[in-house]
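Take a look at the structure below.
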Amino acid sequence: MRGDAPAPATLDRVRRHLVGLRMPRALEVLDHVVRQLERGEIGTLEAIDALLAEELTLREGRRIKAALQMARLGAVKTLSSFDFSFQPSLDRSRILALAQLDFVGRHEVVHLLGPPGTGKSHLAIALGVEAVRAGHSVYFASLADIVASLARAEREGSLRERIRFLCRASLLIVDEIGYLPITPGNGNLFFQLVNARYERGAMILTSNRGFAEWGEVFGDAVVATALLDRLLHHAVVVRIEGSSYRPRQHVGLVPDTLRSPPAAVTPMPPRRRGRPPKARPAEQIAS
Ligand code: ADP
Ligand code: MG
């Protein structure tokens, strides 16, 4: 059965609505969807669904892109590009359970421990990407960078603001604990941050050193004990006991495409780059 062609005036009104509602992608695919409707390939509800799904996909893609930039995750790593068969000591189902992100809502701490090159940063970033996709705010930094930023803030009299900033993300990822020793005295700054986030926000920590070595890492046994007291209270500890992935050749670790395929029968026209289309003068809403 073929659908009826909509009256040109109605179609114009729909275009103006889409412009007014700032729905550039729906506007872009409108003619295509209307043609599908006229040919009887899709029903009215499916047409509405296709327009809304296209617009939502565009918005989600933009939101995720902006949130990934804010999170400073660097090179995007995903769980699907992680080769679990290379790391048999690692329980895949445990990582996939963490990717459900219940620990974020419960304000827990996930420790990823293991020698260099075993995928700790990869997994931390991949969990961060999952959290961003799920709508959580994420911030990623190395311990050295976090401590340096706290020390700078303290010198400038803005330590409270800096700690408040680092408490804003619902998931804070602190990478590379143990690679560089912390200047004695600065471990206390990190403790202040951890204490401020304690039971209020989730964290992922990666380290190549065991907890027994934290006194050495932070240059202060008292600070290390106080840190571990908070960081092991509601905690998940994942140990990786394998060899480094780095010496292997690894090509083709292509991140997942963020965009799902469109819901219509025939493919939608490609998305235009750049600014959203402007309404032609005749399409502008009369005031
Ligand atoms: P770590 O933080 O433990 O030192 P990384 O996560 O930085 O190690 O891993 C080193 C490199 O090897 C990264 O490019 C990472 O993406 C890759 N890599 C590590 N383990 C795996 C794995 N099991 N599957 C795929 N890539 C991996
Ligand atoms: Mg690392």
Side-chain angles (χ1 to χ4, degrees), residues 1-82 96 99-101 104 125-138 170-171 251-287:
M1 204 186 82
R2 295 173 71 83
D4 291 329
T10 311
L11 201 52
D12 263 359
R13 215 166 45 242
V14 172
R15 276 198 195 98
R16 289 200 300 273
H17 288 331
L18 293 179
V19 170
L21 288 166
R22 295 195 166 70
M23 296 175 70
R25 181 61 187 160
L27 184 63
E28 201 170 54
V29 298
L30 179 65
D31 288 343
H32 176 81
V33 171
V34 167
R35 271 197 304 278
Q36 284 183 309
L37 200 56
E38 285 169 1
R39 287 198 295 262
E41 285 176 9
I42 56 173
T44 318
L45 260 186
E46 285 169 296
I48 295 170
D49 180 45
L51 289 176
L52 296 178
E54 282 287 320
E55 188 63 37
L56 193 64
T57 305
L58 174 74
R59 287 187 191 186
E60 269 295 283
R62 281 186 183 160
R63 178 190 70 74
I64 290 170
K65 196 172 162 204
L68 285 176
Q69 272 167 5
M70 297 255 295
R72 296 170 181 252
L73 287 164
V76 168
K77 308 272 178 182
T78 59
L79 286 177
S80 55
S81 68
F82 192 83
L96 297 185
Q100 298 300 306
L101 304 168
V104 178
I125 294 169
L127 290 171
V129 169
E130 291 300 319
V132 163
R133 283 181 180 161
H136 296 291
S137 54
V138 176
S170 45
L171 173 61
V251 287
L253 299 181
V254 182
D256 281 343
T257 168
L258 294 173
R259 213 170 149 268
S260 51
V265 180
T266 43
M268 292 293 176
R271 197 151 64 75
R272 258 193 299 242
R273 295 254 147 236
R275 291 157 65 84
K278 285 219 175 76
R280 278 174 275 136
E283 290 174 350
Q284 248 136 33
I285 299 166
S287 50

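Just so it is clear, the values below take in all heavy atoms, side chains as well, and ignore hydrogens, waters and symmetry mates. By convention here, the first residue in the shown sequence is residue 1.
- Rounding to the nearest 0.5 angstrom, the gap separating the CG atom in Asp49 from the OG1 atom in Thr44 is 12.0 Å.
- The closest side-chain heavy-atom distance from Leu30 to Leu11 is below 4.5 Å.
- Contact annotation: the side chain of Glu54 approaches that of Val29 to within less than 4.5 Å [non-hydrogen atoms, C-beta and beyond].
- A 4.5 Å side-chain heavy-atom check between Val129 and Lys77 finds every atom pair outside the cut-off.
- Applying the side-chain hydrogen bond (donor to acceptor under 3.5 Å, both in side chains) criterion to Arg63, with sequence neighbours excluded, gives Glu60.
- Considering all non-hydrogen atoms of both residues, Pro24 and Leu58 come closest at CG-CD2, 4.0 Å.
- From His17, atom NE2 reaches atom CG of Asp12 across 11.0 Å, with rounding to the nearest 0.5 Å.
- Here the closest heavy-atom approach between residue Leu101 and residue Ala134 is recorded as CD1-CB, 3.6 Å.
- Applying side chain to side chain contact (heavy atoms under 4.5 Å, CB included) to Leu27 and the options Leu18, Leu51, Leu21 leaves one that passes, Leu18.
- Residues Met23 and Arg59 form a side-chain contact, since some pair of their non-hydrogen atoms from C-beta on lies under 4.5 Å apart.
- The two residues Ala67 and Val132 make their nearest non-hydrogen contact at CB-CG1, 3.6 Å.
- The residues Glu38 and Arg35 are annotated as not salt-bridged, no charged nitrogen and carboxylate oxygen being separated by less than 4.0 angstrom.
- In terms of heavy atoms, Val104 sits closest to Ser170 at CG1-O, 4.0 Å.
- Closest non-hydrogen pair, Ala47 versus Val33, comes out as CB-CG1, 3.5 Å.
- The distance from atom CG of Leu68 to atom CZ of Arg72, rounded to the nearest 0.5 Å, is 13.5 Å.
- Residues Leu79 and Glu130 are in side-chain contact: their nearest non-hydrogen atoms beyond the backbone lie under 4.5 Å apart.
- Closest approach of Gly128 and Leu171 over heavy atoms only: CA-CD2, 4.3 Å.
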